[in-house]
**Student:** 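Below you'll find the structure I mean.
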Amino acid sequence: MAEDSDLERTEPASARKLDQAREQGNVPRSRELATLAVLLASVGVIAVIGLFMFRGLSRVMQDTLSFDAGDVASPAMMGRNLMDAGMDGMLLFLPMAVAVVVAAVAANVLISGWVFSTKAFEFDFAKLNPITGLGRLFSWNSLAELVKALMKGGLIAGVAGWMIWHQREGILGLAVEPLDAAMAHFGQITLLTFLAAAAAFGVIVLLDVPFQIWQYHRGLRMTKQEIRQESKEMEGDPQIKARIRSLQREAARRRMMQAVPKADVVVTNPMHFAVALKYEEKTMAAPLVVAKGSQLVAERIKELARENRVPIVEAPPLARALHRHGEVGDVIPAALFTAVAQVLAYVYQLNRSMNPVLPETWDVPPKLDPAARTGAT
């Protein structure tokens, strides 16, 4: 049962899957919103320059249908006139064409942002499979789209028909009006009909846009197994990551142990901690912690120190403080400068065979010694 639940697509799509879908051009789209935008753009162009367009078309038709005997005698001239009329007509409709293209692009950008993908241009043999095509044609999704198209067409046709019926007297009166007045009146009727149809279509858009976004995210849902697999791919397998961390710690430990023979002194607890220090007066501003460890690691540090004749100094409070607050590769804390100076002075005297005596107390601030409050050694 648990395996079955892991294979059910119940989890929302991850950010990575959404990005991959966008790269492939798979984004939420609403054809209804694009259609409404195109419709409104057309209405806007007609409202602004509709009269100019109708007059221009009227002039083009008059010029095209007006010809003399020379035009009749020369078919080439008539063809040239027809081509000129076609170009003039295209120029008249150019503003509407531009507005329609801009509206269609803007409608898609409004939902999903700007997306450019060449995936749609790639050739896919699966799309040529007739069985797959028939499956899509007779699927529940196609049936739902058909029902939606019929409802949409019925709503718009009903609203447009009602508007035409409501304005039937004005439409019939166009026949007895002067040409200019009739054209202006016809433009007004057309504009009102378009606006009514757009308002009806706007209701469909208000329902379709949230539905398309919901359906898009529903289609990209993932199984729990896919979530885990993606997490492994992005962050790495936990076992592999643990192994890498283990190898990194081992490499750091080896480097640390290699630095012990070059240390100036090893400060011990003596049983629990060991910290190796290095100080070169000419190149270092303060002593450096080159190695530290507890228990078995501390024993290994002391063993290497004995093998390489590195002095070992038992200073329990200082060893505890250095182990807690000192980091390998960093200088010692400033508050421990005095105590470390005591150790280095002892080592200097020891190297000079001056029979030094270890200090009875070490200048270690109690707040830096973890065992200061308990009296542990």
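What you see is a predicted model, and the numbers here were worked out from it, not measured in a lab.
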**Student:** Any side-chain heavy atom of V38 within less than 4.5 Å of one from V100?
**Tutor:**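 Yes - at least one pair of side-chain heavy atoms lies under 4.5 Å apart.
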**Student:** Check the hydrophobic clustering (I, L, V, M, F, W, Y; side-chain heavy atoms under 4.5 Å; chains of links allowed) and say if V203 and L33 are grouped together.
**Tutor:**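 V203 does not cluster with L33.
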**Student:** Which atom pair, heavy atoms only, marks the closest approach of Y279 to P287?
**Tutor:**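 Reported closest heavy-atom pair: CD1-N, 3.5 Å.
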**Student:** Please answer: with hydrophobic residues joined when any side-chain heavy atoms are less than 4.5 Å apart, are V340 and F337 in the same cluster?
**Tutor:**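 Yes, one cluster joins them.
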**Student:** Provide the closest heavy-atom pair for M271 versus E299 in the form atom of the first, atom of the second, distance.
**Tutor:**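 Closest approach of M271 to E299, heavy atoms only: O-OE2, 4.1 Å.
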**Student:** Under a 4.5 Å side-chain heavy-atom rule over Ile, Leu, Val, Met, Phe, Trp and Tyr, are I332 and Y348 clustered together?
**Tutor:**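 No, I332 does not connect to Y348 through the hydrophobic network.
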**Student:** I'd like to check L155 versus I204 (side-chain heavy atoms, cut-off strictly below 4.5 Å). Are they in contact?
**Tutor:**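 Yes - at least one pair of side-chain heavy atoms lies under 4.5 Å apart.
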**Student:** Tell me if the CD atom of E281 is crowded by more than 12 foreign heavy atoms within 6.0 Å.
**Tutor:**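 No.
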**Student:** According to a hydrophobic-cluster definition based on side-chain heavy atoms being under 4.5 Å apart (Ile, Leu, Val, Met, Phe, Trp, Tyr only), do V48 and L94 belong together?
**Tutor:**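 In one cluster with V48: L94, no.
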**Student:** Considering non-hydrogen atoms only, spot the tightest contact between K278 and M284 and give its length.
**Tutor:**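 Reported closest heavy-atom pair: O-SD, 3.5 Å.
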**Student:** Are any of the side-chain heavy atoms of V267 and L277 separated by less than 4.5 Å?
**Tutor:**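 Yes, close enough: below the 4.5 Å cut-off.
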**Student:** Taking the side chain from H325 and the backbone from L368, do they hold a donor-acceptor pair closer than 3.5 Å?
**Tutor:**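 Yes; judged by distance alone, with no hydrogens or angles, the pair exists.
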**Student:** For E303, is there an ion pair with R306 - N to carboxylate O distance below 4.0 angstrom?
**Tutor:**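 No, R306 and E303 are not salt-bridged.
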**Student:** Hey, does D330 have a side-chain heavy atom less than 4.5 Å from the side chain of V289?
**Tutor:**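 A side-chain contact is absent here, since even the closest heavy-atom pair is not under 4.5 Å.
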**Student:** Taking all non-hydrogen atoms of both residues, which atom of A274 and which atom of I301 are closest, and how far apart?
**Tutor:**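 In terms of heavy atoms, the two residues are closest at O-CD1, 3.9 Å.
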**Student:** Can you establish whether the number of heavy atoms outside R168 located under 6.0 Å from its atom CZ is more than 12?
**Tutor:**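 Result for CZ/R168: enclosed.
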**Student:** If only atom types and distance count, is the side chain of R218 paired as donor or acceptor with the main-chain N or O of Q215 below 3.5 Å?
**Tutor:**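 Pair absent, no side-chain N/O of R218 close to backbone of Q215.
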**Student:** Heavy atoms, side chains only, cut-off 4.5 Å: are L192 and Q167 in contact?
**Tutor:**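 A side-chain contact exists here, since the closest heavy-atom pair is under 4.5 Å.
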**Student:** To the nearest 0.5 Å, tell me how far Q212 CD sits from H217 NE2.
**Tutor:**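 Q212 CD to H217 NE2: 11.5 Å, rounded to 0.5 Å.
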**Student:** Around E169, counting heavy atoms of other residues, nucleotides and ligands shown, do more than 12 lie under 6.0 Å from its CD?
**Tutor:**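 No, the 6.0 Å shell around CD holds no more than 12 heavy atoms from other groups.
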**Student:** Tell me, yes or no, whether the heavy-atom count around F93 atom CZ, taken from other residues, nucleotides or ligands under 6.0 Å, exceeds 12.
**Tutor:**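 Count not over threshold, so no.
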**Student:** Drop me the distance from D208's CG to L36's CG, to the nearest 0.5 angstrom.
**Tutor:**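 Atom-to-atom, D208:CG and L36:CG are 11.0 Å apart.
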**Student:** So do K292 and L322 actually touch side chain to side chain, heavy atoms under 4.5 Å?
**Tutor:**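 No - every pair of side-chain heavy atoms lies 4.5 Å or more apart.
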**Student:** Atom CG of L336 and atom CD of Q342: how far apart are they, to the nearest 0.5 Å?
**Tutor:**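 Nearest 0.5 Å value for the CG-CD distance: 11.0 Å.
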**Student:** With a 4.5 Å heavy-atom cut-off, do P12 and L220 have their side chains touching?
**Tutor:**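 Contact flag for P12/L220 side chains = no.
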**Student:** Can you see which heavy atom on V275 is nearest to which on A319, and at what distance?
**Tutor:**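 That would be CG2-O, 4.0 Å.
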**Student:** Are more than 12 heavy atoms, taken from residues, nucleotides or ligands other than L296, located less than 6.0 Å from that residue's CG atom?
**Tutor:**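 No, because the 6.0 Å sphere around CG of L296 holds 12 heavy atoms or fewer from other groups.
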**Student:** Could you tell me if the side chain of F273 sits less than 4.5 Å from the side chain of R320, heavy atoms only?
**Tutor:**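 Heavy-atom side-chain distance check passes, below 4.5 Å.
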**Student:** Are there more than 12 heavy atoms of other residues, nucleotides or ligands under 6.0 Å from atom CZ of R324?
**Tutor:**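 Atom CZ in R324 is not crowded, with 12 or fewer foreign heavy atoms closer than 6.0 Å.
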**Student:** Looking only at non-hydrogen atoms, find the nearest pair between A339 and D363 and report the distance.
**Tutor:**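 Looking at all heavy atoms of both residues, the shortest contact is CB-O, 3.4 Å.
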**Student:** For a side-chain contact (heavy atoms from CB on, under 4.5 Å) with L304, tell me which candidate from V260, V266, V310 qualifies.
**Tutor:**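 In the set V260, V266, V310, the residue that makes a side-chain contact (heavy atoms from CB on, under 4.5 Å) with L304 is V260.
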